Number of protein chains: 2
Amino acid sequence: MENSIKIVNYLLQHGIRPSIQRMAVMGYLMNHQNHPTVDVIYAALSPQIRTLSKTTVYNALNLFYEHGAVATLDIDEKGTHYDANCEIHGHFKCLQCGDIFDLFNLPNLPFDTIEADGFKVSECHICYKGYCPACAKIETESSNHK
Amino acid sequence: MENSIKIVNYLLQHGIRPSIQRMAVMGYLMNHQNHPTVDVIYAALSPQIRTLSKTTVYNALNLFYEHGAVATLDIDEKGTHYDANCEIHGHFKCLQCGDIFDLFNLPNLPFDTIEADGFKVSECHICYKGYCPACAKIETESSNHK
DNA sequence: TTCCAATTTGTAATTATTACAATTTTATTT
DNA sequence: AAATAAAATTGTAATAATTACAAATTGGAA
């Protein structure tokens, strides 16, 4: 794969030694913007890397997080979701289908006013919950039929 | 206690039948703004209501949530935090001491632009992470001594 | 009082995550 | 290249949060 060079560089830039497993996990995150959990990543990679251990996936993701190479998303009780896009952006979790959507057009939240109060901000999460367009539509239609 | 009337009313307003246990849980939430987890609530109430089961605390909180009587906070891996204040407001989680602070002076996030895209918003969470004033101060001082 | 439904309780099961020791891989030194 | 040290991976066991569920209890309606 040509883009494995991109993955290696990304890891090195964040001070992370690349290994087969770490590259696979990071590669999965870069190619899947659906905020996967450990289980999802493990299930996807396990067939290719037959010896892969779930602990390794945990290790890799925790390391990525400590080095600022991924963002974490504590949005529900289904476990931590991971995102290779570390730029601040919002999320929308559909309470019906469970999908998590990215929201890129939100206004920036202030850091300065909070830091003026003495807080040191290192992360900022904005997250909506409700019904996604598809699920909201179904909801509306079924209630019309009543 | 005089304010048990307030608790009963609050539960009834949200269509929740009051019981000894439910009143205790809601009373705890109203009197403790520190976003407790199930464990914290159970540990606090257990001595008073000796027969209290942790399952009952879960049942009560899930019911409260379904009826919109409490807000939930999935801010870390320590389990769900609960908040009797359902008004939209921000939170700050200190990565050092673990405390969660309320932030009331944040600008309102837009609902309309998101709903224009077809999303139906029912919750909106804003959450910062970093170091709280006390922990940030200690950090600064100790690095000065180096 | 009797009966039915709702609630509570305790235990067991499930799921996410971490702890940890043993093995394997990778890098370093000779 | 061989020997050694360090880092990473693996598998299993432990921990913690939450849910499932059946039995016991409570509270209201007939």
Side-chain angles (χ1 to χ4, degrees), chain A residues 4 7-8 11-12 14-28 35-67 69-70 72-82 93 95 98 100, chain B residues 4 7-8 11-12 14-28 35-67 69-70 72-82 93 95 98 100:
Chain A
S4 65
I7 299 170
V8 169
L11 292 177
L12 290 176
H14 288 86
I16 298 162
R17 216 182 295 254
S19 72
I20 305 289
Q21 293 86 348
R22 290 173 182 173
M23 285 176 59
V25 172
M26 184 51 81
Y28 184 87
H35 318 90
T37 59
V38 168
D39 264 13
V40 171
I41 298 169
Y42 174 75
L45 298 181
S46 184
Q48 282 125 63
I49 307 175
R50 287 181 297 352
T51 65
L52 185 67
S53 165
K54 202 179 278 189
T55 302
T56 302
V57 180
Y58 275 103
N59 288 343
L61 290 169
N62 286 339
L63 188 73
F64 296 171
Y65 176 69
E66 288 159 18
H67 288 250
V70 297
T72 61
L73 208 51
D74 288 312
I75 205 172
D76 59 23
E77 65 300 326
K78 305 256 151 205
T80 304
H81 299 259
Y82 292 88
K93 159 144 182 130
L95 297 173
I100 297 172
Chain B
S4 65
I7 299 169
V8 170
L11 292 177
L12 290 176
H14 287 86
I16 298 162
R17 216 182 296 254
S19 72
I20 304 290
Q21 293 86 347
R22 289 173 183 172
M23 285 176 59
V25 173
M26 183 52 80
Y28 184 88
H35 317 91
T37 59
V38 167
D39 264 12
V40 171
I41 298 169
Y42 175 75
L45 298 181
S46 183
Q48 282 127 60
I49 307 177
R50 288 181 293 0
T51 65
L52 185 67
S53 165
K54 203 179 277 189
T55 302
T56 301
V57 180
Y58 275 102
N59 288 343
L61 290 168
N62 286 339
L63 189 73
F64 296 172
Y65 176 69
E66 287 160 18
H67 286 251
V70 298
T72 61
L73 208 49
D74 287 312
I75 205 171
D76 59 22
E77 66 299 326
K78 305 256 153 204
T80 304
H81 299 261
Y82 292 88
K93 158 140 182 133
L95 297 172
I100 298 171

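None of these values were measured; they are calculated from a predicted model. Sequence lines set the chain letters: A, B, ... in the order given, protein chains first and strands last, and positions in each chain run from 1.
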Side chains of [X] and [Y] in contact at under 4.5 Å (non-hydrogen atoms):
X: B:H81; Y: B:D76; result: yes
X: A:L63; Y: A:R22; result: yes
X: A:I49; Y: A:T51; result: yes
X: A:V70; Y: A:M26; result: yes
X: A:Y82; Y: A:L73; result: no

Between [N] atom [atom2] and [X] atom [atom1], what is the distance in whole Å?
X: A:Y58; N: C:dT15; atom1: OH; atom2: P; value: 12 Å
X: B:E77; N: C:dA19; atom1: CD; atom2: P; value: 11 Å
X: B:L61; N: D:dA17; atom1: CG; atom2: C1'; value: 13 Å
X: B:N62; N: C:dT8; atom1: CG; atom2: C1'; value: 15 Å
X: B:M23; N: C:dT8; atom1: CE; atom2: P; value: 12 Å
X: A:I16; N: D:dA7; atom1: CD1; atom2: C1'; value: 15 Å
X: A:D39; N: C:dT15; atom1: CG; atom2: C1'; value: 8 Å
X: B:K78; N: D:dT18; atom1: NZ; atom2: P; value: 12 Å

- [ ] Describe the nucleic acid contact of B:T37 in one word from base, sugar-phosphate, nothing, applying a heavy-atom distance below 4.0 Å.
- [x]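 No contact.
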- [ ] Heavy atoms under 4.0 Å is the rule here; annotate nucleotides 9-15 of chain D 5' to 3' with B where the base is hit, S where only the sugar-phosphate is, and - elsewhere.
- [x] BBBB---
Task: C:dT26 OP1/OP2 closer than 4.0 Å to side-chain N/O of A:R17 - done: no
- [ ] Please step through side chain to side chain contact (heavy atoms under 4.5 Å, CB included) for the pair A:Y42 and A:T37, ending with a clear verdict.
- [x] CA-CA 9 Å; A:Y42 174 75; A:T37 59; over 6 Å; no
